[in-house]
Amino acid sequence: MLLAFTVNSFIYFSFGNIYSSKILNYADFSKQFHSGIYQYRILSGYLIFWIYETLSTLNIDYSIFKFRFLESRSEPQMYLSFYILNTIFLVLSAALLLFITETKNFIATNSEKILLVSVAVFAMAITQFVIVPYDVSSYFLIVLFFYFLLKYLEKNSDFNLIILVVILMISTLNRETSALSISLAATLLYSKYGLRKEMIKPVLILALTFIAVYFGMRFLHESFTTNDGNLLFQNFSEPKNILGFLFWMVFFLFTIIIAKDQHAKRNIILFHVFSIPYVLMCIYTGIMYEIRLYIPIFITSLLISRTDISKIH
């Protein structure tokens, strides 16, 4: 947790942000937040507004931070709001990752556990050259889903399934990457039960939950935007986006290399197969240079690489 706090503090206070400089003020961020695909990512959006307004009530001398911005419209208060929100969720993610590594299903030495969590922390931190309020919180919710999925695998109770449904609902209100939680559930349930009702029923319930929340928000907004345009050509033609593909490949291979055995490797590959709809949407409408898009897949694969389903009875 201290590592997460320290690394994230250096990321925010030691470097000038280039990529997200145009939304580092309240007016421009609010305009983006209430338009396009972003208007459905309500949870962290409202949290960032709440932090901003709370900071407004405090008599803070922002000159002590010695911020340097490329855009004259950038606000130290808005930048500090992003820092506070993302640092809190990064610290919570680090703690939760450590809890998962201490479960009986996670096969690793104490040194390996610390190093795996550290790799996840650094990956989440360095990809924040794209500053948004919903990424780090979405990682936390995906890891939280993983933790309670392990409990569901140990005891297939309705209560544990309800917890998973609630986490998925909250996660979907935050960002569409929540769909990866369904891919994770499908992977681990299939690994344990195969293609039987014990696997199909919970995955179907989770899928219906995601669909209900996903389309429910669009009905409420009377808008059905699913993406902000076709970026397919740019992703395969611009050097920086091709570099993004390289990041995906390298970090995928990293999880394969550290996997504990062939079964874990198959689960990582199976998870990626179940995640194909998300991957295709990233390639079609995302900017591949924004390597944050792969981080939820990477963190999940990192956990899968050392999770032994055979130990769950």
Side-chain angles (χ1 to χ4, degrees), residues 36-46 96 100 134-135 137-228 267-286 293-297 299-301 303-304 307 309 312:
I37 194 74
Y38 308 102
Q39 63 186 307
Y40 311 117
R41 300 170 180 173
I42 62 176
L43 182 60
S44 293
Y46 285 123
L96 193 53
I100 291 174
Y134 38 76
D135 274 353
S137 55
S138 73
Y139 307 151
F140 169 76
L141 290 166
I142 286 175
V143 174
L144 185 65
F145 186 93
F146 193 107
Y147 179 76
F148 281 99
L149 179 61
L150 292 178
K151 291 187 175 296
Y152 178 76
L153 287 167
E154 291 177 0
K155 184 179 180 181
N156 296 12
S157 67
D158 291 339
F159 178 73
N160 285 334
L161 182 57
I162 289 171
I163 292 177
L164 292 177
V165 167
V166 172
I167 294 172
L168 184 64
M169 290 174 65
I170 296 171
S171 187
T172 306
L173 289 172
N174 187 61
R175 194 166 181 239
E176 303 81 5
T177 48
S178 59
L180 292 173
S181 294
I182 305 172
S183 303
L184 167 63
T187 300
L188 297 190
L189 286 166
Y190 179 80
S191 180
K192 182 177 181 181
Y193 299 111
L195 202 60
R196 291 157 49 188
K197 68 175 183 179
E198 290 88 350
M199 178 263 182
I200 297 173
K201 180 182 175 182
V203 170
L204 184 60
I205 290 173
L206 292 170
L208 290 174
T209 299
F210 173 81
I211 291 170
V213 177
Y214 183 86
F215 287 102
M217 286 191 293
R218 283 156 176 76
F219 277 113
L220 289 174
H221 284 84
E222 297 182 349
S223 171
F224 293 89
T225 301
T226 58
N227 62 74
D228 283 338
N267 281 343
I268 292 171
I269 294 171
L270 184 60
F271 172 64
H272 279 74
V273 170
F274 283 133
S275 302
I276 284 176
Y278 171 81
V279 173
L280 292 178
M281 282 300 294
C282 287
I283 296 173
Y284 177 76
T285 190
L293 296 174
Y294 187 70
I295 294 303
I297 297 180
I299 295 171
T300 306
S301 298
L303 293 174
I304 292 174
T307 299
I309 302 300
I312 301 176

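Keep in mind that this is a model prediction, so the values were computed, not measured. Hydrogens, waters and symmetry mates play no part in the numbers below; they use all other heavy atoms, side chains included.
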Just checking Tyr152: does its OH atom have more than 12 heavy atoms from other residues, nucleotides or ligands closer to it than 6.0 angstrom?
yes
Inspect the surroundings of OH in Tyr193 and state if more than 12 heavy atoms from other residues, nucleotides or ligands are less than 6.0 Å away.
yes
Correct closest heavy-atom pair for Phe271 and Ser301 would be CD2-OG, 3.7 Å
Any side-chain heavy-atom pair from [X] and [Y] closer than 4.5 angstrom?
| X | Y | value |
| --- | --- | --- |
| Leu184 | Leu303 | no |
| Asn160 | Lys155 | yes |
| Thr300 | Leu180 | no |
| Leu189 | Pro202 | yes |

Test of understanding: with ring-ring contact (aromatic ring centres under 6.0 Å, His included), list the residues that count as partners of Phe210, not counting sequence neighbours.
Tyr214
What pairs of residues pass the salt bridge (Lys or Arg N to Asp or Glu O under 4.0 Å) test when at least one of them lies in residues 161-174, not counting sequence neighbours?
none
Residue set satisfying side-chain hydrogen bond (donor to acceptor under 3.5 Å, both in side chains) with Arg41, at least two apart, ordered chain then number -> Tyr134, Glu176
Do Thr285 side-chain atoms and Met281 backbone N/O form a donor-acceptor pair below 3.5 Å?
no
What residue among Leu153, Thr307, Ile309 forms side-chain contact (heavy atoms from CB on, under 4.5 Å) with Ser191?
Ile309
